[in-house]
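For ligands, and for the atoms within them, numbers begin at 1 and follow the listed sequence. On a predicted model such as this, the values are computed, not experimentally measured, just so you know.
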Amino acid sequence: MLLERIRTVTDAIREATARAGRPDGSVKLLSVTKSHPADTVRDALDHGLTVLGENRVQEAIAKFEPIRAELPGPAYELHLIGHLQSNKAAKVPGLFDWVQSVDSIALAQALSRRCDQAGVTIDLLLQFNSSGEQTKSGYADPDALVDDAAAIASLASLRLRGIMTIGPFTDDVRLITDAFARTRALFERVATALPDECIDTLSMGMSDDYRIAIGEGSTLVRIGSALFGARS
Ligand SMILES: *Cc1c(COP(=O)(O)O)cnc(C)c1O
């Protein structure tokens, strides 16, 4: 079941990458295990899915602490893809390798301090609210994001790697394409503004819109339901 779904998704990623005239292998697959149990994570790891995403800190702790104990060493990479409050930053080091949802300097400073204390370095993405939907977090103002990027890139124990966005909740392909194109333009602005940083990750595309996102330059697609089935 999972094997079949992995094949379907990886084939579709490869096709969309080729159609966009991009090199094979330039889009990474992040498997979103939120709302699924630890056994789903074990199944994913057994099938070679080693880049994983969770959107809530407490759920990730409960699910991944036993798995970290079973699998010492860097057997996988865990990304936080949901909103994080600064007062939860202490939970990040040792649990998450990446935080994709940074939306303020204050949060980045809290993460920097906690990672510094723990002696670890994590990778960060700044979240851009490309749809303008009020319910979504992230920077609404591209200029504010670019300004903050420079300050955040200079903080200790953090590596700023790029931008994450969640596409608009609609079936309108033009609206989705436009949101992803604007996010890609912003990603390029950040990369140009920070030539000494390794700005190489544009995280966009979920089960319903990853083909469009790849056409617009995504380097990392976050896939949940297309791999693991609908969430209850
Ligand atoms: C849940 C979630 C995903 C995966 O969504 P699917 O539609 O199930 O693929 C991706 N990104 C974020 C930020 C999410 O919260």
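- Distances from ligand 1 to the non-hydrogen atoms of Ile223 include at least one value under 4.0 Å.
- Ion pairing between a basic and an acidic side chain is recognised when a charged N comes within 4.0 Å of a carboxylate O; Arg68 and Asp97 show such pairing.
- The backbone N or O of Thr33 lies less than 3.5 Å from a partner atom in the side chain of Lys63, making a donor-acceptor pair.
- Here's the thing with Met164: none of its N/O atoms is less than 3.5 angstrom from an N/O atom of ligand 1.
- Atom 15 (O) of ligand 1 has Lys34 NZ, 2.7 Å as its closest protein atom, hydrogens excluded (heavy atom only).
- Given atom 12 (C) of ligand 1, the protein heavy atom at minimum distance is Ile81 CD1, 3.5 Å.
- Judged by distance alone, the side chain of Arg22 and the main-chain N or O of Ile214 form a donor-acceptor pair under 3.5 Å.
- Using a 4.0 angstrom heavy-atom cutoff, Arg231 counts as in contact with ligand 1.
- Among protein heavy atoms, atom 5 (O) of ligand 1 sits closest to Met206 CE, 3.5 Å.
- Here the heavy atom of the protein found nearest to atom 9 (O) of ligand 1 is Ser207 OG, 2.5 Å.
- For the pair Lys34 and Glu59, the salt-bridge criterion is not met [side-chain N within less than 4.0 Å of a carboxylate O].
- Contacts with ligand 1 closer than 4.0 Å are made by side-chain heavy atoms of Ile166 only, the backbone lying farther away.
- In summary, the atoms of ligand 1 found under 4.0 Å from a heavy atom of Arg222, numbered by their order in the structure, are 4 (C), 9 (O), 10 (C), 11 (N), 12 (C), 13 (C).
- Residues Glu77 and Thr50 have side chains that never bring a donor and an acceptor to within less than 3.5 angstrom of each other.
- Salt-bridge check for Asp200 with Arg159: failed, with every basic side-chain N at 4.0 Å or more from each acidic carboxylate O.
- Salt bridge annotation for Glu70-Arg42: present, with a cationic side-chain nitrogen under 4.0 angstrom from a carboxylate oxygen.
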